[in-house]
Each structure stands twice: as C-alpha cells, then as structure tokens.
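Take a look at the structure set out below.
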Amino acid sequence: MTGGEAIARILKGCEVGPMFGMGGFQLLPFYDAARRLGLDHNLINDERCAVFIADAYAKVSGRVAVCDATLGPGATNLVTGLVEALNAGSPLVVFVGDTHRAHSWKNMTQETRQTEILAPACKELIRIEMIERIPELVRRAFRVATSGRPGPVVVAVPEDICHGTHPFEESDFAVEPGLADTPALRCRPARDDLARAARLLGGARRPIMLCGGGIHISDATAAAEAFAHAINLPVAHTMTGKGAIACTDPLNAGLFGRYDRIANKLIDESDCILVVGCKLGEIATKRYTVPAADKTVIHLDNVAEEFDRTFTPNLRLWGDAREGLQDLQVALEAESGAIRARQQGYADEVAGRMAAWRKSVEGRLTSDERPVNMARLLAEISRAMPADGILVADGGFAAHWSGLLYDTKRAGRGFVPDRGFASIGYGLPGAMGAALAAPGRPVVSLTGDGGFNMTMGELETARRLKLPLTLIIVNNAASGYVKALQHLMYGEGNYQSSDLQEINYARVAEALGCTGIRVEDPADIAAALKQGMSGREGPTVIDVVVTRDPAHMLPGVDNRTVQVRKGDRVA
C-alpha cells in the first residue's frame, strides 16, 4: 500500500467531511486513493481559500476539517488561512507535499524552506519520516488539533513517503470514536477558585459577563444562556462571541470594545466582570482601555497563557468554558432565586437601554438614502434571516458593521467572522465552508468588493458544488475601511490607494454561471435576500451599492484616530 493510500484510509476511519486542495505530483497517490475510497475531495482555485473553507467548516461543524496543498507555492499560499485558524482556535489537519528526501536541497522544482515558513503559522508541524508511522502520526495530528485551544496541525509528507509502499495491516487504521470531534478534552477550574468566583458574582449588584469566541469553541452557549437567566446576568460579546446568548434576548448587551451599543458603559458601571473564553485583545478592549484597570474581573479560559496578557484579573479560572459555567451555576444554585429576584431591576434597565439605543438609531436602520446606508442593509439582513441562519462576515468593514448591528435570534454559532487574523477575502470561501457544514441552514455572507476581488474564482468552485449560498457584496468602489480612516486622519479629499473601479458584480456572477442581483435602492434589498435564500441550486451574488461617502463608512469612530467630523455616530 502506498503512503498516500495509508493517509486516505486513516482519514476515512476518522469520518472526515469534505476536503479541499490543489494537487501536485508529491500527493498524487493520496488523490488516487481518495478517488478509489470515495472520500469527498474537491479541487479549489487558490490554496488560501482551501484553508478558509476548512476554517469555516470547522467553526460551524465542531469537527476537524481537512485540506491539502502541494509543495512550494501551494504550501506558502496556506499561511494566511493557517494563522486565521491558529488565532481563532479552529481544528484543522492540513497535508502538504514535500520534496523527495533523496534529492532535497538540490534545487528541486518549487523547493523552499517551507517547514520553517509554516511552523509559526500552525499549532504543530509534523513531518513524516517513516512510511510505517503514517497512521500513528495522522492520529497524533487530530489529537493536537482538538486539544486545549484547538488549532491547525500541518502534516508534511515527503514525495518518497507518499509514493513509497509498506505492508500495512488493517488494524493499523483503527480510530477511536470521536477523534475528529472538538473539544477532545475538557478541564475544570479548581474547586476553591470556583467558590471564590461564586461569592464575587453572588454578591455583585451590577455584574456582567463578557463572552469571546471560546464560548463557541467549547460549545458552551447553552451553559452561558442557562447561567445568565439563572441569576439575571447581562451578557456582552466580542464579534466572535456573538451568539453566546441570542442578540434578541433581553439580557444581551451587544458588542463591546471598539464599537458598541450599550456594553462599554455597562462594563464601566459594573462591580464584577466575568470574562469567558476571551483573549481581551485590541478590538475587544478598545485598545486596552475596556475594562478599566481597577475593575473586579474573573477570567475563565482553558489557555492559561492568556491570563495577564492584556489585563490582570482578580481571579483566574483555568478550565473549559462550558464546564466552568455549569460549575458556577451549581455553586450559586441554592441562592440563585434570590439573586435573580434582586437583579430583576438591573436586568430591566439593560433591556431598557437597548430599546432606547435601537430607537436612537432607527433613522439609519430604516434609511431610504441612495446609495444604500450600511445600517439599513444590516437591518434588512437581520430581518430576513431565520433563527437557524448563518451569517459569515469577511474581515474589516463587513465584520465591524455586522458585528455591531446584526442580531442573532438564538444562542449558538449563527455568526461566523474571520477575526483570528481579520484577513480580507474570507467571505466567499467562509460561506462555502459554512454551507457544507450545515446543509439545509440558510447561509449568507457579507464581503466587500475588495474581498470579493481577491477570491471571486471560488465562485466556480461553489457553482461546481451546487452550494445554495448568498453572497452580499458591499460595493463602495473602495477599500472602505482604509478610505474612511484616511478621511478621519487626514481630512476630506486626502485619499491614497484606496479607490477601486466601479464594477457591476451581478454581471460578474452571471458570467461565472451564477445568479447575480444588483441592488441600488434600499427598497429592493428584502426581495433580493428572499430570492437569494430561496434554496435554489448554486450561489447567488447580491451586489449592493452602498455609500461612497468616507465620512459615513465606519460604524463608529475608530479609537485609533483623533479627528472626528461633527455628526458622525454609531449606526
């Protein structure tokens, strides 16, 4: 049996889902075995998109996603997507071909020091040096990818290992059940630490819970929802933590950090803050100013290295988010009824503030202006999406607007932004991964014109796979985030390298054999969304012409800038 077939057989035993890659000579035996064994392997047009697809698939499915690339440029094209998955905690196993070891460092075609290039971009890099160790090392890759904070593991396969043969036994390919599921292992905070945390939360008058992306990695949204309701605990979230509880829940305080609705003020007024599965990075902390340094903070995370990185908490709970929240609820169970009753006025206040915020921005959420106001577009998306819908958000402009304004209608992973690395170009491949991970659930993706320009070739892939996804292009004929920042920092008219050509992307979609819809009037958004989410075969592209005014492109004032035009405001 070839080494390539051994890889395919162990993957089949792991019951992996759809895989993506662009083959080369080094991995041909794997491709041939994938064909014969009936694995769901698909050609992509750019290796970076293969990792983006896998990343979104892993986020939505909760299972290890698999992709591959040939050596050299195939391998180096993976770097951006690997860092996204590494920072976001997405479990991936990525195979890369490598040179024949008998000829390495002899200027072989496409040879480069790819191991050194890829190693910092993944959780672990495993190079297979003995063909008989393939099953063992692939199993190892899955275990590393799903343990602790999940992440991508790269498996480097030299040409002679993949093409070589070995008399494997059937027992070599035995796989323990659930090897591809994540998280593979869960740990719980220390008993005394939990008791102290329960006392702090139980005695607080204005507590708040801040949830990051770890809430979804741990599959802890049900636990977060139950704990919040048990003691009337308001919940704010990062972009990746959206869906910790439903955005429509009265206890939801919305996004916190650089852009927020009411959350930052609530954090400032809080006397006890529970941070769950959140790294407290630059965006979430409004460049390390939220929460204030004197706040009482309990930090729950399963990666101890995240404690004290950006904020010194009063109490560190080292453990899995789901297990920690369940244990905290148990610890407060005897007094939860009294706490909930005592906190009802506070909970009502939070709901009242959110209602007041919605009323204050209603003019923009319902704006009839042309070009389309971004707030109106997001309001229409929120209105159109069913409770089980999934919104994927590309980096930058699309993510910040949707992170602030999009409302999920139930707890869970219904919002998928690429915030691990915040790279542009995630929108289309991310939608593909989400659609593959959740067949039957409506998938809509928001991307900029710049992001779509980077990855439009994958429309061919989405069409070939007949994926019923809806891609909304925020068409402002610019690199919107950059142009808006240039406007704020240097003044009106002082723009450099931030404008794009005006393009009708509906026609581009049609040229690629997909459905294309052009929207210039906000009154037409609802009908376009209905058509796009009708379940028709293949992707639909909705090209929405949005504001060209850089003074109104950002959802709020970026805290890194100092110049603000009078009248600019959130939403």
Side-chain angles (χ1 to χ4, degrees), residues 7-20 39-40 50-68 78 81-96 118-119 121-126 128 133-156 173-188 212-223 240 276-277 279 300-306 318-324 412-413 416 420 433-434 436-438:
I7 293 171
R9 286 191 177 275
I10 196 73
L11 290 178
K12 189 173 180 67
C14 292
E15 299 180 336
V16 297
M19 299 177 287
F20 291 84
L39 293 177
D40 185 8
V51 193
F52 284 159
I53 294 170
D55 176 82
Y57 180 90
K59 284 183 170 105
V60 174
S61 71
R63 290 176 53 80
V64 174
V66 178
C67 60
D68 64 83
L78 298 172
L82 285 173
V83 177
E84 168 64 36
L86 178 66
N87 292 349
S90 302
L92 272 58
V93 172
V94 182
F95 294 92
V96 295
L118 295 176
C122 62
K123 188 176 179 182
E124 185 168 298
L125 191 146
I126 299 171
I128 301 177
R133 295 190 67 191
I134 286 175
E136 168 207 346
L137 292 178
V138 174
R139 282 192 291 264
R140 163 73 182 175
F142 275 79
R143 290 194 179 96
V144 173
T146 58
S147 62
R149 178 194 290 156
V153 177
V154 173
V155 181
F173 303 109
V175 174
E176 64 186 67
L179 184 63
D181 295 336
T182 186
L185 299 169
R186 296 182 186 269
C187 57
R188 303 170 81 167
I215 205 80
H216 294 296
I217 295 171
S218 173
D219 192 23
T221 57
T240 54
V276 182
K279 294 181 283 188
L300 168 61
D301 204 289
N302 74 338
V303 181
E305 291 79 4
E306 294 303 337
W318 186 22
D320 175 76
R322 190 186 75 183
E323 300 301 306
R413 181 91 81 169
V416 183
L436 288 163

Side chain to side chain contact (heavy atoms under 4.5 Å, CB included) between Val66 and Phe142, worked out
CA-CA 10 Å; Val66 178; Phe142 275 79; 4.2 Å; yes
Nearest heavy-atom approach of Pro91 to Thr146 is CB-CG2, 4.4 Å
Taking atom SG of Cys122 and atom CG of Leu82, what is their separation to the nearest 0.5 Å?
6.5 Å
Non-hydrogen atoms of Tyr57 and Val64 that approach each other most closely:
CE2-O, 4.5 Å
With no hydrogens and no angle check, just 3.5 Å: does a side-chain donor-acceptor pair link Ser218 and Arg186?
yes
More than 12 foreign heavy atoms under 6.0 Å from CD of Glu136: is that the case here?
yes
Got a second to check how far Lys123's NZ is from Leu92's CG, nearest 0.5 Å?
12.0 Å
Looking at side-chain heavy atoms only, is the closest gap between Ile53 and Cys67 below 4.5 Å?
no
Mind listing the closest non-hydrogen atom pair of Ala145 and Val93 along with its distance?
CB-CG2, 4.3 Å
Between Arg149 and Glu305, does the side chain to side chain contact (heavy atoms under 4.5 Å, CB included) criterion hold? Intermediate values first, please.
CA-CA 11 Å; Arg149 178 194 290 156; Glu305 291 79 4; over 6 Å; no
Do you know which two heavy atoms are closest between Val51 and Gly81, and how far apart they sit?
CG1-C, 3.4 Å
Any donor and acceptor pair, going by atom type alone, linking the side chain of Arg139 with main-chain N or O of Leu179 inside 3.5 Å?
no
I need the minimum non-hydrogen distance between Leu125 and Ala119, along with the two atoms involved.
CD1-N, 4.0 Å
From the options Thr221, Thr240, Val416, select the one residue that forms a side chain to side chain contact (heavy atoms under 4.5 Å, CB included) with His216.
Thr221
Calculate, to the nearest 0.5 Å, the distance between atoms CZ and CD1 belonging to Arg413 and Ile217 respectively.
6.5 Å
Roughly how far, to the nearest 0.5 Å, is CG of Asp301 from CH2 of Trp318?
11.0 Å
Check whether Asn87 reaches the backbone of Gly420 with its side chain - one donor and one acceptor, N or O, closer than 3.5 Å.
yes
Does Lys59 pair with Glu84 as a salt bridge, N-O distance under 4.0 Å?
yes
Where is the tightest heavy-atom contact between Val153 and Ala141, given as atom of each residue plus distance?
CG2-O, 3.5 Å
Consider side chain to side chain contact (heavy atoms under 4.5 Å, CB included). Of Leu11, Ile10, Asp40, which one does Val16 pass it with?
Leu11
The reported gap from CG in Leu78 to CZ in Phe95 (rounded to nearest 0.5 angstrom) is 12.5 Å
CZ (Arg133) with more than 12 external heavy atoms under 6.0 Å
no
